[in-house]
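So the structure is just underneath, and the comments pick up after that.
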Amino acid sequence: QTSQVVQVNGGGQSLTADKIVNMMPVTKRNPKDYIFGKVIGEGSYSTVYLAKDIHTNREHAIKVCEKQQIIREKKREQVRREKDALNILSNSGSSLFVKLYCTFQDTERLYFVMSYAKNGDLLPYINKVGSFDAACTRFYSGEILRALEHLHDLNIMHRDLKPENILLDHNMHIKVADFGCSKILEQTDAVDNQSILDENNPRQRTNSFVGTAQYVSPELLTEKTISPSSDLWALGCIIYQMIAGLPPFRSRSEYMLFKKILNLDYVYPDGFNADAKDLVQKLLVLDPNERLGTKDDQRYTSIRSHPFYNGLDFDTLHVTNPPPIY
Ligand code: ADE
């Protein structure tokens, strides 16, 4: 992507095109700064377009939200959460997340200019091959674990982690996206009314639930506590899905699905990798405080050192060639 490298100080420092763009004076962008192309994603209140910056020729993913729709669907909070989390993550310099370059608005719409993940999301890859081999599962779940370490160190919970939200860049490395359900934890958030099931009507959700049912943790269904451990539950579901081809908890009705989650009612198909099974069993634990990793002084050393990850160097994953998916 970065073509021009300008050497300064006798080569001790290099100015890449990226750095030069970052040094340019910041003036508020507007839609005319981009050529909008095809739709690459659609949400309940937003459409994501592939777009080209006319000044830099760079491709971006631009999320466009209709203001009227946001107000009508009461999604203002979701949009704010997404912007806040993406801003923190973009400033943190991690490559494991979609970067937010800038935001702007016109009278009808809000625009989020983000990095474009050329290879789309992880779900079609899992569905196409039916099942990832151990090397692929180890690599991609390892990158997701690194993303969670970074996220949780910044006190951010994703709360809607699933294969559709794991995007793949031009090098097939992950970029976690979609922070509309995220929560920036503050000390006072230890008890926060986040219960999904209304005690008087178990089929109802409270407004606070915005995640995806299949990956939702039992504590988000029943308790008022929120903790980063809910993302570890989702990680367990994703590791299971990479190997089995389908998520562990499935049902036609959401109510039955919730019951299965609360009863830990799922099975492993024959031939499921034994080390992966042990790891998933240690993540899909009903008590959020008992999941592997939750007692780590340094995140998430006990997951990194699980036998499933034997031989994987977590610190160099981002500069390692990903194993091919087939
Ligand atoms: N779909 C939604 N956001 C995207 C992004 N940043 N890159 C590619 N596809 C996307």
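As the structure lists them, so they are numbered: ligands from 1, and atoms in each ligand from 1. Only this structure's heavy atoms are used, side chains among them; waters, hydrogens and symmetry mates stay out.
- Of the candidates N87, V98, L151, I184, F179 forms a side-chain contact (heavy atoms from CB on, under 4.5 Å) with just one, namely L151.
- Any N or O atom pair closer than 3.5 Å counts here, and A117 shares at least one such pair with ligand 1.
- Not one N or O of Y116 is nearer than 3.5 Å to an N or O of ligand 1, by distance alone.
- Nearest to atom 6 (N) of ligand 1 among the protein's heavy atoms is S115 O, 2.8 Å.
- For the pair S115 (side chain) and K99 (backbone), a donor-acceptor distance under 3.5 Å is present.
- Close approach of ligand 1 to I40 is summarised as follows: ligand atoms under 4.0 Å from at least one heavy atom of the residue are 1 (N), 8 (C), 9 (N), 10 (C).
- Looking at R299 and D153, a side-chain N of the basic residue comes within less than 4.0 Å of a carboxylate O on the acidic one, giving a salt bridge.
- A side chain to side chain donor-acceptor pair (under 3.5 Å) with E143 holds for exactly one of H173, K175, H318, R138; it is H173.
- Near L167, with a cut-off below 4.0 Å to any heavy atom, the atoms of ligand 1 are 3 (N), 4 (C), 5 (C), 6 (N), 7 (N), 10 (C).
- Applying the side-chain contact (heavy atoms from CB on, under 4.5 Å) test between R304 and each of D315, L312, D313 identifies D315 as the sole match.
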